Amino acid sequence: MRLHRTQRTALPRLLGSLLLVTAAGISSAGAAPGAAAASIGPVTAAPRPLGQIVPAPAEVKAGGSPYVISAGTKIRVDHDSRDARKIGDYLAGVLRPSTGYALPVTGSGGSDGIRLRIGSHDSKLGAEGYTLKSGRGSVTITARGPAGLFHGVQTLRQLLPADVEKKSRQAGPWRVAGGTVTDAPRYAYRGAMLDVSRHFFTVTEVKRYIDQLALYKMNKFHLHLSDDQGWRIAIDSWPRLATYGGQTEVGGGAGGYYTKSDYREIIRYAASRYMEVVPEIDLPGHTNAALASYAELNCNGVAPPLYTGTNVGFSSLCVPKAITYDFVNDVVRELAALTPGKYLHIGGDEAHSTSHDDYVAFMNKAQAVVGKYGKTVVGWHQLTGATPVAGAVAQYWGYDETGAAERKQVADAAKNGTKLVLSPADRVYLDMKYNKDTALGLAWAGYVEVQRSYDWNPGTYLEGAPENSILGVEAPIWSETLTNSDEIEQMAFPRLPGVAELGWSPASTHDWDAYKVRLAAQGPRFSALGIDYYRSAQVPWPAK
Ligand code: TNX
């Protein structure tokens, strides 16, 4: 058995962690065994061990012959399922360029090839789970619904060599280890947020990020569509919001906005990756772009200039004015009509220029408007300082220095039924610098290395919040310092897959020493995908 140079040094630590995991009695579930075997995976002729993927699968039973994709392989989908066919076409789109094989997608039955099936009756799989069975002659992914089948396809991608992600023909061989993966998510909400306001990102850039999230089984894409520096979504009844309020960004660049058809295209694309878009209009603070676009929204009737700096907390809608609620009503109505998903995020953070009483009055009225248009309210956790409506979701973005009273306010709301999405800033804010040498990003919540980002438990993180109040996790990326896909990727990778794992994998699989080996194996995949990532010294990356 030959060992890779970087892996040689990692092995003693790895064995140590394996012993620990075994001692803890979870050696038969999840990623730990696969992760240990991973240290020899990339250099022997054996396929990547089943289970050596991110997020760690719930259950792995390795064994039997591997499956090999070859020139004659067919992708067989249920003949009567449009969803299965679409997912088959998507998979073919990933596999054809690198394998060079035709890989026809066919609805004609057959027991060989790559088989994609919807219609499992295994209730444990839920809407997003799947099983993947691989052996001589076939690999079969079965799910109860299309989202599960799609996630199973992501597992198949990751079980193949990283070269499969390349856009030109590669040598192969294209083997999938034998055995069975049975997998379903821990949390229903596994998200990422992109701030398109501080810097604007094109539809093409947004789609690229959506594709990256899909590889890690994320299912919510939160778009921060308005802030002081730019309004990014066309609203017909208030056209200047986009045409004027969208025309700049941090640093004074040209900015931009999504037309309604651009936004629908983002929604359509996200839906094709089984991802729900959560649009955010940040209110009542973070509203300079709106206030600059319409003088009448200001208490003094005077429009401020557009803003291209990076301060926060200086703007507020005029809470006593009636027109403020015409504005909120129109914006929420149009955005709700454009958005098929159930959530609408109304911000509510850092309203430092709004008095407490005004804040409470405003947020309570704004929540009612969201309800009127049939959506579930999401707000940053400051919403818990107003009166969260039944069913509201609060997104916690505190960090280790957040005061006990603020934490308690959120935990108490959770006890009263408010659901929580966890985005602790010193863990999952992907715009936080990794260390003092990170060129991009901010550091107000401290430096966030890869281990720190991964090593926490959403189920127990916020003291006093009942475990069943946790809807899931979300990794926001704020764009004060980020201007294009490459810069987003330098900050998101490699932390994003860790957040995805916190959202998907059972707590029993959580183990940094095992995770860092599985993460290391993602390095060549990032490279094959053209993702420029931070090669953290905490992770035993294979040599380039
Ligand atoms: C805090 S997090 C903000 C954003 C900034 C971000 C920068 C939150 C709800 N508000 O306005 O962009 O920090 O990290």
Side-chain angles (χ1 to χ4, degrees), residues 192-213 221-271 275 277-283 285-294 297 303-312 315 327 330-332 334-339 341 344-347 430-431 440-442 476-492:
M193 186 210 82
L194 181 62
D195 171 8
V196 297
S197 181
R198 273 50 177 275
H199 281 97
F200 182 66
F201 297 93
T202 63
V203 173
T204 305
E205 288 170 324
V206 168
K207 287 181 177 176
R208 183 175 163 90
Y209 200 48
I210 288 174
D211 276 331
Q212 293 164 357
L213 303 178
F221 180 56
H222 170 183
L223 263 178
H224 184 75
L225 287 167
S226 71
D227 214 303
D228 292 316
Q229 297 85 347
W231 185 283
R232 306 302 182 199
I233 177 75
I235 299 294
D236 296 337
S237 50
W238 296 73
R240 272 174 64 82
L241 291 170
T243 58
Y244 181 75
Q247 92 192 177
T248 192
E249 60 186 8
V250 167
Y257 66 91
Y258 305 121
T259 63
K260 288 194 169 179
S261 100
D262 290 338
Y263 181 74
R264 284 195 198 94
E265 175 60 13
I266 292 171
I267 302 254
R268 186 202 64 75
Y269 196 80
M275 216 173 286
V277 171
V278 180
E280 178 188 353
I281 297 296
D282 203 346
L283 305 169
H286 291 277
T287 43
N288 188 76
L291 297 167
S293 304
Y294 288 95
L297 290 176
L306 292 171
Y307 182 68
T308 61
T310 60
N311 290 339
V312 298
S315 56
F327 162 79
D330 289 339
V331 168
V332 170
E334 291 193 33
L335 194 56
L338 282 170
T339 306
L344 202 147
H345 200 309
I346 53 171
L430 301 178
D431 59 312
L440 300 167
L442 306 174
I477 190 159
W478 300 96
S479 63
E480 285 92 336
T481 66
L482 310 175
T483 67
N484 56 37
S485 289
D486 181 60
E487 292 174 353
I488 291 172
E489 288 156 23
Q490 286 180 47
M491 299 308 285

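Because only heavy atoms are used, hydrogens play no part in the values below, and waters and symmetry mates are left out as well, while side chains stay in. Quick caveat: nothing in here was measured; it's all calculated off a predicted structure.
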Identify the two heavy atoms, one from [X] and one from [Y], that lie closest to each other, and give their separation to 0.1 Å.
X: Val250; Y: Glu480; result: CG1-O, 3.6 Å
X: Ala292; Y: Ala303; result: O-CB, 3.6 Å
X: Tyr294; Y: Pro239; result: OH-N, 3.0 Å
X: Leu306; Y: Gly245; result: CD2-CA, 4.1 Å
X: Pro304; Y: Asn288; result: CG-OD1, 3.4 Å
X: Gly230; Y: Ser197; result: O-OG, 2.7 Å

Requested in this report: Just do the side-chain contact (heavy atoms from CB on, under 4.5 Å) check on Thr481 and Asp431 with the steps written out, would you?
Outcome: CA-CA 8 Å; Thr481 66; Asp431 59 312; 5.7 Å; no
Could you state the interatomic distance from [atom1] ([X]) to [atom2] ([Y]), rounded to the nearest 0.5 Å?
X: Thr339; Y: Arg264; atom1: OG1; atom2: CZ; value: 10.0 Å
X: Ile235; Y: Asp330; atom1: CD1; atom2: CG; value: 9.0 Å
X: Thr287; Y: Leu297; atom1: OG1; atom2: CG; value: 8.5 Å
X: Trp478; Y: Leu442; atom1: CH2; atom2: CG; value: 11.0 Å
X: Ile346; Y: Leu335; atom1: CD1; atom2: CG; value: 12.0 Å

**Report entry** Any residue meeting ring pair (Phe, Tyr, Trp, His ring centres under 6.0 Å) with Phe200, in chain and number order, not counting sequence neighbours
**Finding:**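 Expected list: Tyr258.
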Query raised in the report: Who pairs with His345 by ring pair (Phe, Tyr, Trp, His ring centres under 6.0 Å), at least two apart in sequence or on another chain?
Result: His222, Trp380
Query raised in the report: Could you walk me through whether Leu194 and Val206 pass the side-chain contact (heavy atoms from CB on, under 4.5 Å) check?
Result: CA-CA 8 Å; Leu194 181 62; Val206 168; 4.1 Å; yes
Report task. Take Asp195 and Ile477 through the side-chain contact (heavy atoms from CB on, under 4.5 Å) test and state the conclusion after the steps. Result -> CA-CA 6 Å; Asp195 171 8; Ile477 190 159; over 6 Å; no
Whether [X] side chain and [Y] backbone form a donor-acceptor pair below 3.5 Å:
X: Gln247; Y: Gly255; result: no
X: Glu265; Y: Val203; result: no
X: Glu205; Y: Phe201; result: no

Requested in this report: Show the numbers, then the answer: is there a side-chain hydrogen bond (donor to acceptor under 3.5 Å, both in side chains) between His199 and Glu249?
Outcome: CA-CA 5 Å; His199 281 97; Glu249 60 186 8; 4.5 Å; no
Query raised in the report: Does a side-chain heavy-atom distance below 4.5 Å link Tyr307 with Ser315?
Result: no
**Report entry** Non-hydrogen side-chain atoms of Val332 and Ile281 separated by less than 4.5 Å
**Finding:** no
**Report entry** Test log, rule side-chain contact (heavy atoms from CB on, under 4.5 Å), inputs Val331 and Ile233
**Finding:** CA-CA 10 Å; Val331 168; Ile233 177 75; over 6 Å; no
Query - Pairing residues for Asp486 by the salt bridge (charged side-chain N to carboxylate O under 4.0 Å, His left out) criterion, not counting sequence neighbours - result: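 Result, salt bridge (charged side-chain N to carboxylate O under 4.0 Å, His left out) vs Asp486: none returned.
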**Report entry** Sequence neighbours excluded, every pair satisfying salt bridge (Lys or Arg N to Asp or Glu O under 4.0 Å) that has a member inside residues 224-245
**Finding:** Arg198-Asp227, Asp236-Lys260
**Report entry** Residues that Tyr257 engages under side chain to side chain contact (heavy atoms under 4.5 Å, CB included), provided they are two or more places apart
**Finding:** Ala234, Ala242, Thr243, Thr259
Query raised in the report: With Gln212, which residues qualify under side chain to side chain contact (heavy atoms under 4.5 Å, CB included), at least two apart?
Result: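 Result, side chain to side chain contact (heavy atoms under 4.5 Å, CB included) vs Gln212: Arg208, Tyr209, Glu489, Phe493, Ile531.
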